[in-house]
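This report refers to the structure that appears directly beneath it.
No experiment lies behind these values; they were computed from the predicted model shown. Note that the numbering runs from 1 along the sequence shown for the chain.
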Amino acid sequence: MTYASALPGQPRGGTIGGPATDRAVCVLAPNASPMTLDGTNTWIVAEPDSDLAVVIDPGPLDDAHLKEVIAAAERAGKRVALTLLTHGHPDHAEGAARFAELTRTSVRALDPALRLGDEGLELGDVITTGGLELRVVPTPGHTADSLSFHLPADGAVLTGDTVLGRGTTLVAHPDGRLGDYLDSLRRLRSLTVDDGVDTVLPGHGPVLNDARGAVEYYLAHRANRLAQVETAVEDGYRTPSDVVAHVYADVDRSLWPAAELSVRAQLDYLREHGLI
């Protein structure tokens, strides 16, 4: 057993970027940071025999990156025909308007403020550009507008920030809500159990070869953190910053501001359920 295969979700080794499945290619944005891991994964998705492609999350406003995404599609003999967003955080969506200008495409998203064109994205929508089948899966929680995209032909799901290729994600309080996030993880687990999804194509980090293992790890991690926060409050740690210092003592301090957002979401969840 390799080290990677022992990690949750069995992250795929090697360089992040390039072909990931028969229909999905990653172009890694040059915006690495503690919050974005290696950078934002911009996904080009297309049927192998089609000359049309869909791009998911153009990434930051970086012309060199946006033009590289177009060039990567063209090298594969494809033209970008549609742009989709998993959610509106700048590392995923800031470059969308410029990318739409460069490609003369519309931008579809759940949040009307992010759309360019008449169509949004909703539960039940199926993207069929170039013969592709890409199903819209609402996965709120990280943010209220978070979506995932199910790619049935490859047994894959593109998760944005709902499931990452390494580590765990935050619940971006107050927009993100923990109850919604737990429901979204359960929805993704159903895809792995009932719909043959075995691969996660995340918004950051490596591809995960064990989608069910990754989602179950996330659910267990959230349950454990929630129990730790509940115990911390019972022990007298009342403010979000105090809870973070106590519960997240093993986490890099540079990530504590993000952890505080998740703690605020957890405290709201505990109050809503009468547990504190």
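- Electrostatic pairing of Arg75 and Glu68 counts as a salt bridge here, judged by a charged N lying under 4.0 Å from a carboxylate O.
- Under the 4.5 Å side-chain heavy-atom criterion for ILVMFWY residues, no single connected hydrophobic cluster contains both Ile16 and Val27.
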Original post:
How far apart are the C-alpha atoms of Asn31 and Thr40, what are their side-chain angles, what is the distance that settles it, and do they pass the side-chain hydrogen bond (donor to acceptor under 3.5 Å, both in side chains) test?
Top reply: CA-CA 7 Å; Asn31 61 333; Thr40 300; 3.0 Å; yes

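- No side-chain heavy atom of Asp195 sits under 4.5 Å from any side-chain heavy atom of Ser190.
- Under the 3.5 Å distance criterion, the side-chain polar atoms of Asp111 are matched with a main-chain donor or acceptor of Ala113.
- The side-chain tip of Arg225 points at the ring of Tyr248 from less than 6.0 angstrom away and within 45° of straight on.
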**OP:** Tell me, with the steps shown, if Val80 and Arg104 meet side chain to side chain contact (heavy atoms under 4.5 Å, CB included).
**Re:** CA-CA 9 Å; Val80 177; Arg104 299 182 181 179; over 6 Å; no

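- Checking side-chain atoms of Lys78 against main-chain N and O of Ser50 turns up a donor-acceptor pair under 3.5 Å.
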Original post:
Passes side chain to side chain contact (heavy atoms under 4.5 Å, CB included), His142 versus Val171? Steps please.
Top reply: CA-CA 4 Å; His142 169 66; Val171 178; over 6 Å; no

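- Residues Tyr218 and Thr168 meet the side-chain proximity criterion, which asks for heavy atoms closer than 4.5 Å.
- Within 6.0 Å of atom CZ in Arg253, 12 or fewer heavy atoms from other residues, nucleotides or ligands are found, so the atom counts as exposed in its surroundings.
- Using a 4.5 Å cut-off on side-chain heavy atoms (C-beta onward), Leu61 and Arg98 make contact.
- In this structure the side chain of Phe99 reaches within 4.5 angstrom of the side chain of Val69, judged on heavy atoms.
- No chain of hydrophobic side-chain contacts below 4.5 Å, direct or via other Ile, Leu, Val, Met, Phe, Trp or Tyr residues, connects Leu121 to Val137.
- For the residue pair Thr159/Ser148, the side-chain donor-acceptor check at 3.5 Å is not satisfied.
- Few gaps surround CG on Asp194; more than 12 heavy atoms of other groups in view lie less than 6.0 Å from it.
- Side-chain atoms of His173 and Ser262 form no donor-acceptor pair, as typed in the model, at a separation below 3.5 Å.
- The pair Arg135-Asp125 does not count as a salt bridge, with every side-chain nitrogen at least 4.0 angstrom from each carboxylate oxygen.
- A donor-acceptor pair under 3.5 Å is formed between the side chain of Tyr181 and the backbone N or O of Thr162.
- Side-chain contact between Val163 and Leu185 is present, with heavy atoms from C-beta onward closer than 4.5 Å.
- Under the side-chain hydrogen bond (donor to acceptor under 3.5 Å, both in side chains) test applied with Asp57, the options His87, His92, His89 reduce to a single match, His92.
- Using a 4.0 Å cut-off between charged side-chain N and carboxylate O, Arg177 and Asp268 make no salt bridge.
- Between Ile56 and Thr42, the closest side-chain pair of non-hydrogen atoms is not below 4.5 Å.
- For the pair Ser184 (side chain) and Pro140 (backbone), a donor-acceptor distance under 3.5 Å is present.
- For the residue pair Asp161/His204, the side-chain donor-acceptor check at 3.5 Å is satisfied.
- Using a 4.0 Å cut-off between charged nitrogen and carboxylate oxygen, Lys67 and Glu74 do not count as a salt-bridge pair.
- Side-chain contact between Leu123 and Val136 is absent, with no heavy-atom pair separated by less than 4.5 Å.
- Note on Arg264 versus Glu260: salt bridge recorded, some NZ/NE/NH1/NH2 to OD/OE distance being below 4.0 Å.
- Between the side chain of Asn41 and the main chain of Pro202, a donor-acceptor pair closer than 3.5 Å is present.
- Leu261 and Ile276 end up in the same hydrophobic cluster when Ile, Leu, Val, Met, Phe, Trp and Tyr side chains are linked at under 4.5 Å.
- In this structure, Thr199 and Val207 have side chains that are in contact, with non-hydrogen atoms separated by less than 4.5 Å.
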Original post:
After noting the C-alpha distance and the side-chain angles of Leu85 and Arg108, does the key distance pass the side chain to side chain contact (heavy atoms under 4.5 Å, CB included) rule?
Top reply: CA-CA 7 Å; Leu85 297 177; Arg108 297 181 64 182; over 6 Å; no

